[in-house]
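In what follows, a structure is listed as structure tokens, so that the remarks can point back to it.
Note that these values count all heavy atoms, side chains included, but never hydrogens, waters or copies made by symmetry.
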Amino acid sequence: MIIYGLKNCDTCRKAAKALPDATLQDVRDAPVPDGTLSAALAQFGDALLNTRSTTWRNLPDAARSGAPLDLIAQYPALMKRPLIDASGTLYLGWGKDVQAALRQP
């Protein structure tokens, strides 16, 4: 299981702590593989972009209209976090629904 996020993100750290078998991959150091990112965009749509982030608010209006995958490639912190790949099943965020789905038996 891989948790794609930022090592200094509190939510990503909570997810990593709750999922001890998972590996936290900092998207600034190693980007999300293209295939995984494309699948996440197909599954979650525009929710994959974190439009409440400081990075988003600091983007010029012209840049905001870009394709989501291009924006995430250029600004990794724009991806909603965490994106969790559990053996090919993708989860976005760390809400109660994701926690329940990934709860260890």
Side-chain angles (χ1 to χ4, degrees):
M1 184 179 312
I2 301 173
I3 301 170
Y4 298 102
L6 299 174
K7 61 186 171 192
N8 62 346
C9 171
D10 289 339
T11 306
C12 293
R13 287 193 299 226
K14 286 177 191 174
K17 184 176 180 182
L19 303 169
D21 296 335
T23 303
L24 176 60
Q25 180 175 318
D26 192 312
V27 296
R28 288 185 176 146
D29 297 336
V32 179
D34 290 338
T36 303
L37 205 51
S38 295
L41 181 64
Q43 183 174 342
F44 303 113
D46 288 340
L48 190 59
L49 279 178
N50 184 0
T51 57
R52 297 183 337 178
S53 71
T54 304
T55 305
W56 178 262
R57 289 191 302 261
N58 290 334
L59 281 179
D61 288 338
R64 290 182 188 182
S65 63
L69 293 181
D70 294 339
L71 286 170
I72 292 171
Q74 192 170 3
Y75 307 100
L78 278 180
M79 184 183 77
K80 182 165 172 59
R81 306 176 296 269
L83 174 63
I84 302 170
D85 185 347
S87 302
T89 303
L90 298 175
Y91 300 92
L92 187 62
W94 189 240
K96 299 248 184 243
D97 56 334
V98 173
Q99 293 175 37
L102 295 173
R103 186 170 293 136
Q104 301 296 324

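Taking all atoms of both residues into account, the shortest heavy-atom contact from Arg57 to Arg64 is O-NH2, 3.1 Å. When all heavy atoms of Ser65 and Ala62 are compared, the closest pair comes out as OG-O, 2.8 Å. When all heavy atoms of Gly5 and Cys12 are compared, the closest pair comes out as CA-SG, 3.6 Å.
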Run the side chain to side chain contact (heavy atoms under 4.5 Å, CB included) test on Gln99 and Trp94 for me, step by step, so that the C-alpha distance in whole Å, both residues' side-chain angles and the decisive distance to 0.1 Å come before the verdict. CA-CA 6 Å; Gln99 293 175 37; Trp94 189 240; 3.4 Å; yes
Stepwise, does the side chain to side chain contact (heavy atoms under 4.5 Å, CB included) test hold for Leu49 with Ile72? CA-CA 8 Å; Leu49 279 178; Ile72 292 171; 3.7 Å; yes
Intermediate values then yes/no, side chain to side chain contact (heavy atoms under 4.5 Å, CB included), Tyr4 and Leu24: CA-CA 6 Å; Tyr4 298 102; Leu24 176 60; over 6 Å; no
Audit row: Ile3, Gln25, side chain to side chain contact (heavy atoms under 4.5 Å, CB included) steps and yes/no: CA-CA 6 Å; Ile3 301 170; Gln25 180 175 318; over 6 Å; no
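Rounding to the nearest 0.5 Å places OG of Ser53 at 11.5 Å from CE of Met79. Atom CG of Leu78 and atom OG1 of Thr51 lie 9.5 Å apart (nearest 0.5 Å). In this structure, CG in Leu71 is found 12.5 Å from CG in Asn50, a value given to the nearest 0.5 Å. Remark: Leu48 CG to Arg81 CZ distance equals 11.5 Å, nearest 0.5 Å.
For the pair Arg28 (side chain) and Lys7 (backbone), a donor-acceptor distance under 3.5 Å is absent. With hydrogens and angles disregarded, no donor-acceptor distance shorter than 3.5 Å links the side chain of Asp70 to the backbone of Gly66.
Residues passing the side chain to side chain donor-acceptor pair (under 3.5 Å) test with Asp10, sequence neighbours excluded: Arg13.
Taking the side chain as every heavy atom from C-beta outward, Ile84 and Ile2 never approach each other to under 4.5 Å. Using a 4.5 Å heavy-atom threshold, the side chains of Met1 and Asp21 count as separate.
Under the 4.5 Å side-chain heavy-atom criterion for grouping Ile, Leu, Val, Met, Phe, Trp and Tyr, Leu6 is not connected to Val98 through any hydrophobic cluster.
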Residues 35-47 side chain polar contacts: donor-acceptor under 3.5 Å, at least two apart:
residue : atom : partner : partner atom : Å
Ser38   : OG   : Asp34   : O            : 3.0
Gln43   : NE2  : Leu90   : O            : 3.2

